[in-house]
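Here the structure is a predicted model, which means the values were calculated and not measured. All residue numbers in this chain count up from 1 along the given sequence.
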Amino acid sequence: MTSMTSTAECPTPPAPTPRRRPLLRRLKALPPWSLLAVGTLAGGLAGGAYGALTPPAYSATSYVVAVPSAKSDPQAALGFAQAYGRVATQLAVLGDAQVRAGVPVKALRDSVRSATSPDAPMISLTATSARADLARDMANSVSRSLIQYAQDTKGSTHVELLQFSRAVKPAEPSSASPALTGLVGASAGVLLGGLALLTRPRSTAADAARPGTVPGPATAADAQGQP
């Protein structure tokens, strides 16, 4: 008798469920407050380091006022104050101020800011520098140059500029302290930590109830031929 062998085809085992990434498992295991704590600490340290490493800046402000002559009126003085405020940081004024301040024109252009009021014919000139005495000198130099510039055109404008208040040497820096920058950084860290908490992957009830993966049976012959 001839022996015959028949083999039954074994069904394909189901694909194994992919393992979760270790990072995701660790994130799910962290308590919710940990992200806020890490964000606050990191933001506070970064902000405090920025404030400590950034050089302090000092600001000094001088004021000049536009005064009309007998041939003009207060409304004209207000209009010319606005105009002089716009040219205060131009080369026509800063060219003379650089000699008095002892700094280049570019430094004055970058450091001095002018501002005017819509209600009063007054111009404020604020200079910022890493040195308190230099900030004072730059503000006073630009104000004197602006006054001289207005004096040269007084015959046609009938308005002159007078010194209202000289800039004084600032006693404290105008830049933020390390404590303040640290507080701002900590606040930003809390915000980022909260956003990370909202987007953190969370475990669901289906994940907890899902059974472990069972390996498929090994392939074997179902039957052997009989003589």
Check residues 87-102 and write down every donor-acceptor pair under 3.5 Å in which the side-chain atom is one partner and the other belongs to a residue at least two apart or another chain.
{"residue": "Gln98", "atom": "OE1", "partner": "Val105", "partner atom": "N", "Å": "3.4"}
{"residue": "Gln98", "atom": "NE2", "partner": "Gly95", "partner atom": "O", "Å": "3.4"}
{"residue": "Arg100", "atom": "NH1", "partner": "Ser145", "partner atom": "OG", "Å": "2.7"}

Can you name the closest pair of heavy atoms from Arg136 and Val168 and give their distance?
CG-C, 3.8 Å

Going from CG on Leu108 to OG on Ser129, what distance comes out if it is rounded to the nearest 0.5 angstrom?
10.5 Å

Do you know the tightest heavy-atom contact between Leu78 and Pro118?
CD2-O, 3.6 Å

Residue pair Asn140 / Ala167: nearest heavy atoms and the distance that separates them
OD1-N, 2.8 Å

Indicate if Leu125 and Phe80 have the same hydrophobic cluster label, given that clusters are the connected sets of ILVMFWY residues with side-chain heavy-atom separations under 4.5 angstrom.
yes

With rounding to the nearest 0.5 angstrom, report the CG to NZ distance, Asp133 to Lys169.
5.5 Å

Do you know the tightest heavy-atom contact between Asp137 and Ser141?
O-OG, 2.7 Å

Spacing of NZ belonging to Lys154 relative to CG belonging to Asp152, to within rounding of 0.5 Å:
11.5 Å

Roughly how far, to the nearest 0.5 Å, is the OG1 atom of Thr157 from the OH atom of Tyr84?
4.0 Å

Under a 3.5 Å distance rule, please check whether Ser69 uses its side chain to pair with a backbone N or O of His158 as donor and acceptor.
yes

Check which hydrophobic residues are tied to Met122 through side-chain heavy-atom contacts below 4.5 Å, counting indirect links as well, and list them.
Tyr63, Val65, Val67, Leu162, Phe164

Contact summary for Ala139 and Ala60, nearest pair of heavy atoms:
CB-O, 3.6 Å

Taking side chain as C-beta onward, heavy atoms only, is Ile147 less than 4.5 Å from Gln151?
no

Ser143 pairs by side chain to side chain contact (heavy atoms under 4.5 Å, CB included) with which of Thr61, Val64, Val112?
Val64

Pairs touching residues 107-118 that satisfy side chain to side chain donor-acceptor pair (under 3.5 Å), sequence neighbours left out:
Gln82-Thr116, Lys106-Asp110

Would a 4.5 Å heavy-atom cut-off, applied to side chains only, mark Ser62 and Gln163 as touching?
yes

How close do Ala127 and Ala135 get, heavy atom to heavy atom, and via which atoms?
CB-O, 3.4 Å

Rounded to the nearest 0.5 angstrom, the OH-CG distance for Tyr58 and Leu134 is 12.5 Å

